[in-house]
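The block underneath contains the structure these notes are about, expressed in structure tokens.
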Amino acid sequence: MPVQSHDEWTIIRAMTDLTPEAATPVSWDALDLAKYRDEEEAAAALLAARPLTPDQRGIVKNEALLLVRRARELGRRGLVQSFLAEFSLSTQEGLALMGLAEALLRTPDTESRDRLIVEKIGAADWSAHLGQSGNLFVNASIWGLMLTGKWVEADLSEDGARLVGRVAARLGEPAVRAAITAAIRIMSEEFVLGRTIGQALARAAREDLLCSFDMLGEGARTVADAERYELAYSGAIRAVGAANSPGVGPENAHGISVKLSALSPRYEATQVLRVWRELYPRLLRLAQLAAAADMNLTLDAEETDRLVLSLKIMDRLAHEPSLGAWRGLGLAVQAYQKRAPQVIADLERLARRSGRRLMVRLVKGAYWDSEIKRAQMAGRPDYPVYTTKPATDLSYLVSARALVAAHPYLYAQFATHNAYSLAAAREMAKAAGVNVEFQRLHGMGEALYRAADLGSLRLRTYAPVGLHEDLMPYLVRRLLENGANTSFVHSLLDKAVPAERVVDDPFRSVELAGGRHPRIPRPRDLYGAWRNSGGIDLSIVSERDRLTAAFRDLPSPVPVPEASPDQIDAAFAQARKAQPGWDRAGGAARAQILNAMAQRLEENGPRLMAMLVREAGKTWPDAISELREAADFCRYYAMLAEKNFQGAALLNGPTGETNALEMHGRGVFACISPWNFPLSIFTGQIAAALAAGNAVLAKPAEQTPAIAAEAVRLFHRAGLAPELLHLLPGRGESVGATLIAHPLLNGVAFTGGTETAQAINRRLAARGGAILPLIAETGGLNAMFVDTTAQREQLIDDVMLSAFGSAGQRCSALRLLFLPRETAEATIESLKGAMDAAVLGDPADFATDVGPVIDQPAKTALEKHLAWLGREAKICHRMTAATPMPLLFAPSLAEISLNQIPDREVFGPILHVIRYPQEGLEQAAAALATKGYGLTLGIHSRLENFARRIRALVPAGNIYVNRSIIGAVVGVQPFGGEGLSGTGPKAGGPLALSRYAVERAISVNIAAQGGDPALFNL
Ligand SMILES: Cc1cc2nc3c(=O)[nH]c(=O)nc-3n(C[C@H](O)[C@H](O)[C@H](O)COP(=O)(O)OP(=O)(O)OC[C@H]3O[C@@H](n4cnc5c(N)ncnc54)[C@H](O)[C@@H]3O)c2cc1C
């Protein structure tokens, strides 16, 4: 497989008319080095930067106090703030309101809307809030919520539909629904200036606002989405340009804010070609329009993984000759990122180099919680953002000073609703004699800025424009910001909080508390009892280069010969001899070896991942996950070995005797693993058997012996005696069958097809002698049930990943998607668009989402099933390959009826869709349940009651709600099925080792020695 060129600048140069000097950028990739900077060190650097002198600190503090007091005199809380002041997000009621706001307006059918209202309102206690709010509307609403909640509370155990009917009947009419929908709509509209740009411009004129308009919408999932958003942006730029007074310049005219994620379904660092071929031209067209209108166009800041890519895009835009002498190009910079001050410095250099003044909006950042989660899930070395609010505030000040100092190359725009940040930025600008701009979000910060009286400094309002369907992600961010206890706006107008506490000097707080939040452990320390595996960040170019080099340097594969019957005999004999010593060594000694293995896996990560790409056709993200899972298995089972296999556990009993339970290995285990996880399942089975005190004979899949051989080599290098682990490659019919029949065998761990597991089971049963345990993980007929409250973008992402990720070759993969009739058509259309935006091709290319299937027989089986679907059902859509390769099978979407649910797992990227009417949900679920599988089950709904119903109807070992159904994490989502899908115990779960072990209870009568001294000595 050829490795594609990842040199973005070669691509850019080939596609651009920039001069060679302009097209040779400073290396933005250097910024990646600071992405995961140690937090204590980063916080210390912030303190050392001293953005304010001690005198200035005093001035700023006083000024900020004054602002708070004045704002409290002047200010009235807006409706949303009043609501969220009353129902903070730390309360159940606040969460219920946010959940309702997030889902209600986009739910199309009244029945589900009613269910949402019943569930969310009924789950909270509104009476405690009665009369607490100064806002009349809020108090009236609490009455309404409470009354509804009371009725609902009494009946929550009932079936949802009947319950809704009764509640509505008692209120006379669906008046509740209408009232609550209207209230949520009013709340949403507080944050939106207008539904159309025309309305928004008219309102801005009426209220004398200087605006940066934001056309609601982000996260395009399809090219059609991106085209729609481009149209909205270009229409807005034209309208704003026409409304602006000519000749005033971008500082004094309305501008526009653009989210790059809206302009492409693949705004990702690894999608190099698409970013430059599709996203960039779209953005350039918008920038040309903005330049012609001489207005500000600012790129909003999004997730940290996109920072460097956005800077590369800025770099190229700044050098575009077609933009003439335009001074309106801008970028938002997030202060919560550890590299914020460095970004400002680099932007200043870019402005100097390109000769184009840039506008820079300094924000703190709106995605903090999701950044923390992503870093934890991905096993990052640290967080890309600060974990304490004061560090973010201090970073804002350090960045602000750099921004002011970069005048006139950078035009400073300070976006904040925080009195201290505002006062500090104003003080810095005053000291430097620089004219700067402040910005606030529409619906927030009015009182503060009225109190601030900016004089000659400009105030710009960030003004979202659009319809409800595009509002949700924005609305949720605003609700989080307004409702979070740490947020400044949350406490600004709350007179119960003393002004001194509202205005916190971040220097002092950082000095006192140091850099790191005590309750947010580093991602690698997340689990406490075992270490989280480390991931590789593919958004970083040097990391991609490291993997490319490992792939290039792989030696040519050498054939791995099949183990002979003599070799199998010898392996059994050696293993049998060595096992008792290994068992006696105890859990702690075995844990040491397993932890050492985890370490070896990570040290050899790039090479192992490259092998996974080459031998198993894994994409890089899949290879990373697989390596991490292998390391997690080793560490988790090491932890269990130490906990449960280190000597005897004493049990309670009568005096005069001791009772204890010991766990021991069974003897020699055969571990038979599949090709779809040739490293993680292979390693996981072995690690479990070893941890419990067994010796292991491992038979890898025929298709992937090289990676297995490498894993065994690493086990031995980690200190495991070779006698305890033998690699026995070969076919199931020969090596597998010999292992199962061998007289020295004591147990089998198997992962693979249901039929093979049944065959092994029969052979084991036919043996004479001891009854041997079989731990089998087999396939599933995995489904996802969706209702009309599901969030579309999230659903599309999760379906794409679950059905087509790893080319559908996971036992957990999604095979059946149950869609409600009301939204099925729209969902299918979105899925088709997302399939067109995904890349099918060479797995060694970082841009590839779906690689080949494992071999020709697998491809032939899929083609056969697809032909059947073509004849008997309806094939809705297929992906097309970016680069032709022999084993690529185009992921396919097919619609079937309920009676066409396959009886067996079809192992590959074919997703079957079934539409169901709401009243037919039970029937649909029953049709699936009767097939007898029980592995993974997905549910996409904002209704807990819907999730409960599905869980009761469909058996499954692993249930995933509002997320993908693949990627179980060791120790977090123990994995394994029931029914036809496996025997248990679950891999990566607390009971995983039990079937690999025997238990011995030892009871000793101490009284037999003459008495129980302990009793006498009480
Ligand atoms: C005009 C305007 C434009 C904006 N554009 C963008 C944009 O393009 N991209 C974007 O991401 N955001 C953007 N924002 C949103 C902005 O990030 C938030 O409004 C901002 O974080 C609130 O900061 P504050 O100073 O008003 O409030 P404060 O209450 O002082 O700060 C709140 C912020 O602190 C951070 N924080 C909270 N807890 C912690 C913690 N434990 N550790 C570390 N940090 C923490 C969070 O980022 C949170 O948003 C914009 C805001 C405005 C006003």
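In each ligand, atom 1 is the first atom listed, and ligand 1 is the first ligand listed. FYI, side chains are in, hydrogens and waters are out, and symmetry mates aren't considered; it's all heavy atoms of this structure.
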Mark up the atoms of ligand 1 that fall under 4.0 Å of a heavy atom belonging to [X], in ascending order.
| X | value |
| --- | --- |
| Asp300 | 8 (O) |
| Ala332 | 8 (O) |
| Gln439 | 1 (C), 53 (C) |
| Thr387 | 40 (C), 41 (N), 42 (N), 43 (C) |
| Ala415 | 1 (C), 2 (C), 52 (C), 53 (C) |
| Tyr367 | 11 (O) |
| Tyr462 | 1 (C), 3 (C) |

Quick one: look at [X] and ligand 1, take heavy-atom pairs under 4.0 Å, and tell me if it's side chain, backbone, both or neither.
| X | result |
| --- | --- |
| Ala301 | both |
| Arg460 | neither |
| Tyr396 | neither |
| Tyr336 | side chain |

What protein heavy atom sits nearest [atom], and how far off is it?
| atom | answer |
| --- | --- |
| atom 44 (N) of ligand 1 | Thr392 OG1, 2.7 Å |
| atom 50 (C) of ligand 1 | Val363 CG1, 3.6 Å |
| atom 32 (C) of ligand 1 | Lys389 CE, 3.6 Å |
| atom 26 (O) of ligand 1 | His417 N, 2.6 Å |
| atom 24 (P) of ligand 1 | Thr416 OG1, 3.6 Å |
| atom 23 (O) of ligand 1 | Lys364 CD, 3.7 Å |
| atom 3 (C) of ligand 1 | Arg361 CD, 3.5 Å |

Determine, for [X] against [Y], whether the closest basic-nitrogen to carboxylate-oxygen distance falls under 4.0 angstrom.
| X | Y | result |
| --- | --- | --- |
| Glu73 | Arg69 | no |
| Arg72 | Asp494 | no |
| Lys338 | Asp382 | yes |
| Asp393 | Lys389 | yes |

Would you tell me whether [X] and [Y] have side-chain atoms, one donor and one acceptor, within less than 3.5 Å of each other?
| X | Y | answer |
| --- | --- | --- |
| Asp315 | Trp28 | yes |
| Ser264 | Glu278 | no |
| Tyr411 | Glu437 | yes |
| Asn418 | Thr416 | no |
| Gln337 | Thr304 | no |
| Glu320 | Tyr280 | yes |
| Ser212 | Ser257 | yes |
| Tyr449 | Arg440 | no |
| Gln376 | Tyr383 | yes |

Checklist entry - Any non-hydrogen atom of Val385 lying under 4.0 Å from ligand 1? => result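 Val385: no contact with ligand 1 (<4.0 Å).
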Item to check | Reported CG-to-CD distance for the pair Leu471 and Glu102, which is rounded to 0.5 angstrom | outcome: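 These two atoms lie 10.5 Å from each other.
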Check this for me - ligand 1, [X], N or O atoms closer than 3.5 angstrom, yes or no?
| X | answer |
| --- | --- |
| Phe488 | yes |
| Ser421 | no |
| Glu481 | yes |
| Asn418 | yes |
| Thr388 | yes |

Next on the checklist: For atom 48 (C) of ligand 1, which of the options Ala366, Gly365, Ala335, Cys211 provides the nearest non-hydrogen atom?
Outcome noted: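 Looking at heavy atoms only, the winner is Gly365.
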Item to check | Nearest-option assignment for atom 15 (C) of ligand 1, heavy atoms, candidates Gln334, Arg478, Arg477 | outcome: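 It is Arg478 whose heavy atom sits nearest to atom 15 (C) of ligand 1.
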Item to check | Cation over ring face, Lys364 and Tyr396, 6.0 Å, 45° | outcome: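 Judged by the rule, Lys364 and Tyr396 form a cation-pi pair.
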